[in-house]
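Just so it is clear: chains get the letters A, B, ... in the order the sequence lines come, proteins before strands, and each one is counted from 1.
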Amino acid sequence: MNPLGDNIIFDFVFPNELHVVWSVMIVLYPYITGLVAGAFIISSLYHVFERKELRSIARYSLVASLVFLGFATLPLLVHLGRPERAFNIMITPHFTSAMAGFGYIYLMYMSILAIEVWFLFRGELVERANESQGIKKFIYTALALFDLTINEETKAFDKKVITFFAAVGIPAACLLHGYVGFLFGSIKANPWWSTPLMLPIFILSAIVSGISVIIFKYFLVSYIQGFEINDKCLKTLSSFLWGFMIIDVCMELLELLSISYQQTGEWEILSYLIYQKLWIPYLVIQLGICSFIPFILLGINTIFDLKRSTARACVFISSILLLCQVLAMRWNVVIGGGMISKSMRGFSSYFPGIFEKEGLFTAFIIFTCPFIILYLVDRIFPLFKFKGYDQETVALTTDEH
Amino acid sequence: MSKNNNNSDNKKSGIGNLSRRSFLRMSLFTITASGLSILHLQPKADAEETHNSSAKTYKMEDYWWGFLVDTTKCMGCGACVRACKAENDVSEEFFRTWVERYEVSEDNTVRVDSPNGAYNSFPKDHTEQGKVIKGFFVPKLCNHCRTSCCTQVCPVGATFTSPDGVVLVDRKHCIGCGYCVQACPYGSRYVDHRKGYADKCTLCYHRITKGLKNACVQACPVEARVAGNLLDPKSKIRQILKECRYKVIKPELGTNPKCYYVGLDQEVN
């Protein structure tokens, strides 16, 4: 900006920017909603697009999606300065704000998931109600909403409803997570966020993280419960994961390419952010290790017929790396963008505390909760070894080997 | 000769033609008068700054508030920052207004600082490499934009623009999500974590609606800050905007700020 060229020192932030406003909790929130959306997509691939090989995992994915969704708002509540006023967002929504739709989108998606899960479990609830006595019978009957009718007609109806909500849930899942991307992408004050690519990147990364977490849990639960993994199912999941991760990473690279090629007025601070501040988490972890290795491993697994153990190892390692990739992406977007000073002349510093309100320990507890709930649900209603009334829609892994 | 002698005597005994008695009498009078004028200074100043004596008849529809900063006058004393903090009970670590110092060296290095928002002005022993060829101060505050990002993104409507053009926060309704802080391109907002809600400059709304000056405007010793009614063609701000060349910060973002800067350098973001 000087006649002889600039020599900017990045050491100035506005006095109100000494603290990063959105921290670990806001990293965790889109991460969890991403898992929700991705896991739901898997169940819909089976229920709507009839990918029969995903039978083993479809039921677990749907329940996992609902459980994760139940905890998605927790990081936001912890983050809010006035959590007791959280419902203001629904009582007095200000519709010029993208965030105002959050409560409604969340409720809509929660309803879709809850209805679909209930219809999926209705057969088993009726069966258990008929087999139980006393208080157990009452609980199962209540959970079945006091209608224990089961015949071919009701089964067909249940299946139709499940298919319908599985189909409606796909755009809803995209809306839920695309909206999170839009929240960031629409902030014109921040050059690191302000890109239309943010929305598709968030949706695609959500699908990648969702498929990855289901694969990871599939391995984990099969190891704990001692059942065999369905390799056909795993291969399909691996192929989908490979495809979605390619598009996702391409979009992320496209974003990097466009901002570096355009060289707008903000390029100086963005290049400093990318090459200095986010060198490790963005270039090395997100775009390097955690993208490149899964790309190779999943590609080999998809193209070639590998030995069973090798294929499993490839998919398992890839799932873990891609979970880290998406977490790193969330971190780099939220924290990276939060560090940029609006003065465009410096960066706020951020290092997460461990035991503070929005610290790593709280994040760990929140993130662990859905896994514990999933474990408990699996103990009551086995999600992989299930003998329900409807063999068409229920995974019965052991039968497939 | 005798007259000349008397004069020389008088000069020896007093100042000029005054006798010692007269001098003491005048001194006493001056001190008393000064004391009384100081005692009455505040009400007098307040009386001067009433806008059309409209304290009791303030009609929001008659006003559209704007702010002007003359960067060529600011000397970085920080009186505005101190006055703002005292008037609005602003937390120690946050600022509704602050002053930035810009220094451009011979090698075109641009250094910007604002130690503690310039609350204690600026240290003179500021480390500097190379000779400073250009230096200036820029006071900052909320721009009270006509199309403010913070108002747009507030999910609960706690941030709003008053009918007289001041962007305000309903602190009893704000949920403290921080979305407005992220959306504001000027760094004017903050969430005070002890209070849990977003806060910012109110243009001293409690004062201007009573016909009083904003605290920072009143404290500025060089009149670098001017607040006024943009609807009134005779207001000082309208006169300055008519006569001077001015600029707003980050006009490319389309926020239409109502904080105008006279003598703004392009280095300022």
Side-chain angles (χ1 to χ4, degrees), chain A residues 1-9 11-23 26 76 79-103 183-184 186-190 193-194 265 269 337-338 341-346 357-358, chain B residues 93-96 98 100 104-105 107-119 140 149 151-160 172-193 195-198 200 250 252-255 265-269:
Chain A
M1 286 156 93
N2 274 304
L4 299 177
D6 280 332
N7 193 3
I8 295 175
I9 300 171
D11 65 351
F12 173 68
V13 298
F14 289 137
N16 290 327
E17 294 181 328
L18 295 178
H19 307 284
V20 167
V21 183
W22 286 352
S23 57
I26 306 298
L76 292 183
H79 166 72
L80 287 184
R82 289 283 183 166
E84 77 278 13
R85 298 177 188 166
F87 282 103
N88 283 1
I89 207 165
M90 296 186 76
I91 299 166
T92 60
H94 186 232
F95 285 117
T96 60
S97 169
M99 200 184 271
F102 166 76
L183 277 187
F184 288 99
S186 59
I187 295 181
K188 58 187 172 187
N190 193 317
W193 291 341
S194 180
I269 193 158
S341 168
K342 306 283 174 55
S343 69
M344 301 297 150
R345 289 186 177 279
K357 183 189 156 203
E358 294 189 49
Chain B
E93 57 191 300
F94 297 107
F95 299 86
R96 290 187 179 194
W98 68 95
E100 295 166 7
V104 183
S105 305
D107 62 349
N108 286 321
T109 302
V110 183
R111 290 176 186 278
V112 189
D113 68 340
S114 181
N116 198 23
Y119 184 86
K140 293 274 188 81
C149 306
T151 308
Q152 183 196 5
V153 304
C154 179
V156 297
T159 293
F160 61 98
K172 289 182 180 168
H173 198 65
C174 173
I175 58 174
C177 65
Y179 199 19
C180 57
V181 180
Q182 302 289 7
C184 174
Y186 306 104
S188 306
R189 287 178 158 260
Y190 55 88
V191 175
D192 190 336
H193 294 292
K195 297 170 182 169
Y197 52 77
K200 63 178 281 297
K250 299 186 181 180
E252 70 279 5
L253 293 179
T255 54
D265 194 274
Q266 66 170 358
E267 293 296 342
V268 180
N269 280 319

Exercise for the section: Looking only at non-hydrogen atoms, find the nearest pair between A/Thr96 and B/Gln152 and report the distance. Expected result: OG1-O, 2.8 Å
Handout entry: Proximal component of B/Tyr179, with respect to chain A [non-hydrogen, under 4.5 Å]
Key = both
Practice task
Would you confirm whether A/Asn16, through its side chain, and B/Phe94, through its main-chain N or O, come within 3.5 Å as a donor-acceptor pair?
Solution key: no
Practice task
List the atom of B/Gly178, the atom of A/Val21, and the distance in Å for their closest heavy-atom pair.
Solution key: CA-CG1, 4.0 Å
Handout entry: Side chain / backbone / both / neither for A/Thr92 at chain B, heavy atoms under 4.5 Å
Key = both
Exercise for the section: Answer whether the closest heavy-atom distance between the side chains of A/Ile9 and B/Arg111 falls below 4.5 Å. Expected result: yes
Practice task
Check whether A/Ile187 gets within reach of chain B through its side chain, its backbone, both or neither, counting any heavy atom under 4.5 Å.
Solution key: side chain
Problem - Spacing of A/Lys188 atom NZ and B/Glu252 atom CD [to the nearest 0.5 Å] - result: 10.0 Å
Practice task
Return the minimal non-hydrogen interatomic distance between B/Lys250 and A/Lys342, and the atom names on each side.
Solution key: NZ-O, 2.5 Å
Exercise for the section: For residues B/Ile175 and A/Asn88, report the shortest heavy-atom separation together with the two atoms involved. Expected result: CG2-CB, 4.0 Å
Practice task
Measure the CZ-NE2 distance between B/Phe160 and A/His94 for me, rounded to the nearest 0.5 Å.
Solution key: 11.0 Å
Practice task
Considering only heavy atoms and a distance below 4.5 Å, find which of A/His79, A/Lys357, A/Met344 pairs most often with chain B.
Solution key: A/His79
Completion exercise
Counting heavy-atom pairs under 4.5 Å with chain A, the top scorer among B/Lys195, B/His193, B/Lys140 is B/Lys195
Exercise for the section: For each of B/Ala183, B/Gly117, B/Gly254, B/Cys154, tally heavy-atom pairs with chain A at distances under 4.5 Å, and name the one with the top tally. Expected result: B/Cys154
Exercise for the section: Return yes if some donor-acceptor pair links the side-chain N/O of A/Asn190 with the main-chain N/O of B/Gln182 below 3.5 Å, else return no. Expected result: no
Exercise for the section: For B/Cys177 and A/Met99, work out which heavy atoms get closest and say how close. Expected result: SG-SD, 3.9 Å
Exercise for the section: Find the one option among B/Cys149, B/Pro185, B/Ala158 whose heavy-atom pairs under 4.5 Å with chain A are most numerous. Expected result: B/Pro185
Fill in the blank from the handout: OG of B/Ser114 to CZ of A/Phe14, rounded to nearest 0.5 Å, is 9.5 Å
Handout entry: Under 4.5 Å from any heavy atom of chain B - which part of A/Leu76
Key = neither
Handout entry: Engaged part of A/Ser341 at the chain B interface, taking heavy atoms whose separation is under 4.5 Å
Key = neither
Exercise for the section: Heavy-atom distances under 4.5 Å only: say whether B/Glu93 touches chain A with side chain, backbone, both or neither. Expected result: both
Exercise for the section: Verify, without hydrogens or angle tests, whether A/Arg85 (side chain) and B/Cys174 (backbone) share a donor-acceptor contact under 3.5 angstrom. Expected result: yes
